[in-house]
Amino acid sequence: MHGSHDHSHAVTAKNETRMGIAALLTGGFMFIELAGGIAANSLALIADAGHMLTDFASLTLAWFAFRLARRPADWKRTYGFDRFQVLVAFTNGLALFAIAGWIVYEAIHRLIQGEAHVAGGIMVIIGIAGLLVNIVSFMLLRGADRENLNVRGAAVHVLGDLLGSVAALIAGAVIMLTGWTPIDPLLSVLVALIILRSGWFVVSESAHILLEGAPQELDTRDIAPDLVSNVPGVNEVHHVHVWSITQSRRMVTLHAVIGDEADNNAVVQGVKGRLKDKFNLDHATVEIECRACADTTDEPHRATS
């Protein structure tokens, strides 16, 4: 397992570096966009600046999560600190809900109030600059581990910023050409809905991991019959539990009833090998039983095939 742990730490270090650079870019441009939004009286720019503020906090927290995950396990936290990444992803997802709600509220308020003067030229300039910054940040995160929920949650935040910059750019161009200012809050609502949809996927997946759910693509009902059919000496499998520490760290525990002539070590090796090859589960705890299950007072288990 040392090789996989070394690889995991290398991936975490790469994720940490890219996340830190993206956080600095986002935080630096946030002040420029806020100033431009106030000067242009643009809700699209101000909303995106507010989004970038929470993104800066989220990216910084995600960076800290990767840094913390590099710490070794101890007697209090035997699985280490990897799960903190999932907790941060869940928190970032909830923050996306709040951001989307605020943008929609402000857009409706502005539409009810009626037209307001919006400087389309400033919006276009800030939109182009923001688009470039967010493209760089997004490409940085795409170069990280895209299967990592923490990276995906952060990428959704940056993607929301990118879409906000596009919306500001389009709104500014429309206002310059036609003078139709409602395009500003309307495009803000569209961006909010996209953010909301992306945030839902991050929240639901991270919550599933935090609730010790089995990996989404794995049907745990297939494990027991597969092991009985393919591992010599295994008569029955029960008490199967599968969960994830992170997306890449999956755990499984199970009880295996073996025949009287079966070799314990050979069965354990066979079960672990099958779990890895068939189900991509490489961290397994296997309890061998010859008669009654130690966790129950039932009669001895009957062999199944």
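The basis for the numbers below is simple: all heavy atoms, side chains too, and nothing from hydrogens, waters or symmetry mates.
Of all heavy-atom pairs spanning Ser165 and Glu33, the tightest one is OG-OE2, 4.4 Å. Scanning both residues, Ala23 and Leu59, for their nearest heavy atoms gives CB-CB, 3.7 Å. Of all the heavy atoms in Met123 and Ala171, the pair that sits closest is CE-CB, 3.6 Å. Between Ala262 and Val267, the closest heavy-atom pair is CB-CG2, 4.0 Å. Nearest heavy atoms, Thr181 versus Pro185: O-CD, 3.4 Å.
Not counting sequence neighbours, the partners of Asp226 by the side-chain hydrogen bond (donor to acceptor under 3.5 Å, both in side chains) test are Asn230, Arg274. In this structure, the side-chain contact (heavy atoms from CB on, under 4.5 Å) partners of Met251, at least two apart in sequence or on a different chain, are Tyr79, Trp243, Ile245, Arg249, His283. Looking at residues two or more places apart in sequence or on another chain, you find no side-chain hydrogen bond (donor to acceptor under 3.5 Å, both in side chains) involving Ser244. Partners of Ser137 according to the side-chain hydrogen bond (donor to acceptor under 3.5 Å, both in side chains) rule, which considers only residues two or more places apart in sequence or in another chain, do not exist here. With sequence neighbours excluded, the residues forming a ring pair (Phe, Tyr, Trp, His ring centres under 6.0 Å) with His255 are His238, His239, listed by chain and number. Residues passing the salt bridge (Lys or Arg N to Asp or Glu O under 4.0 Å) test with Glu287: none are found, sequence neighbours excluded. Applying the side-chain contact (heavy atoms from CB on, under 4.5 Å) rule to Leu196 yields the partners Phe97, Ala100; only residues at least two apart in sequence or on another chain are considered. For Arg250, the side-chain hydrogen bond (donor to acceptor under 3.5 Å, both in side chains) test picks out Glu217, with sequence neighbours left out.
In this structure, the side chains of Leu111 and Leu186 come closer than 4.5 Å at one or more pairs of heavy atoms. Taking the side chain as every heavy atom from C-beta outward, Thr26 and Val133 never approach each other to under 4.5 Å. Two residues are said to be in side-chain contact when any heavy atoms from C-beta on lie closer than 4.5 Å; Leu218 and Leu281 meet this criterion. Looking at Leu187 and Val174, their side chains never come closer than 4.5 Å, going by heavy atoms from C-beta outward. Between Phe64 and Thr60 the shortest side-chain heavy-atom distance does not fall below 4.5 Å. Looking at heavy atoms from C-beta onward, Ile128 lies in side-chain contact with Val124 at the 4.5 angstrom threshold. Within the 4.5 Å cutoff, side-chain heavy atoms of Asp74 are placed close to those of Phe81.
Residues Ile103 and Tyr105 are members of separate hydrophobic clusters, defined by side-chain heavy-atom contacts under 4.5 angstrom among Ile, Leu, Val, Met, Phe, Trp and Tyr. Under a hydrophobic-cluster definition in which Ile, Leu, Val, Met, Phe, Trp and Tyr are linked whenever side-chain heavy atoms come within less than 4.5 Å, directly or via other members, Leu211 and Leu87 are assigned to different clusters. No single ILVMFWY cluster, assembled from side-chain heavy atoms under 4.5 Å apart, contains both Val166 and Ile125.
In terms of modelled atom types and a separation under 3.5 Å, the side chain of His208 and the main chain of Ala214 share a donor-acceptor contact. In this structure, the side chain of Ser204 engages the main chain of Phe201 through a donor-acceptor pair within 3.5 Å. Between the Ser206 side chain and the Val203 main chain, a donor and an acceptor come within less than 3.5 Å of each other.
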### Worked check of side chain to side chain contact (heavy atoms under 4.5 Å, CB included) between Phe29 and Leu25
CA-CA 6 Å; Phe29 187 75; Leu25 287 172; over 6 Å; no
### Task
In sequence, state the C-alpha distance, the side-chain angles, and the governing distance for Leu275 and Leu227, and then conclude on side chain to side chain contact (heavy atoms under 4.5 Å, CB included).
CA-CA 8 Å; Leu275 288 171; Leu227 293 177; 4.2 Å; yes
### Verdict with reasoning, Leu162 to Leu131, per side chain to side chain contact (heavy atoms under 4.5 Å, CB included)
CA-CA 6 Å; Leu162 193 153; Leu131 184 62; 3.9 Å; yes
### Query
Going through the distances and angles, do Val237 and Val271 end up as a side chain to side chain contact (heavy atoms under 4.5 Å, CB included)?
CA-CA 10 Å; Val237 173; Val271 168; over 6 Å; no
### Evaluation steps, salt bridge (charged side-chain N to carboxylate O under 4.0 Å, His left out), between Asp219 and Arg221
CA-CA 5 Å; Asp219 190 337; Arg221 295 170 296 184; 2.9 Å; yes
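In summary, Asp184 and Arg110 engage in a salt bridge, as defined by a charged side-chain N under 4.0 Å from a carboxylate O.
Judged as a salt bridge (Lys or Arg N to Asp or Glu O under 4.0 Å), not a single pair has a partner in residues 120-133 (not counting sequence neighbours). Identified under the salt bridge (Lys or Arg N to Asp or Glu O under 4.0 Å) test for residues 256-267, with sequence neighbours left out: none.
Through direct or indirect side-chain contacts shorter than 4.5 Å among Ile, Leu, Val, Met, Phe, Trp and Tyr, Leu177 is connected to no other residue. Leu24 belongs to no multi-residue hydrophobic cluster, having no ILVMFWY side-chain contact under 4.5 Å with any other such residue.
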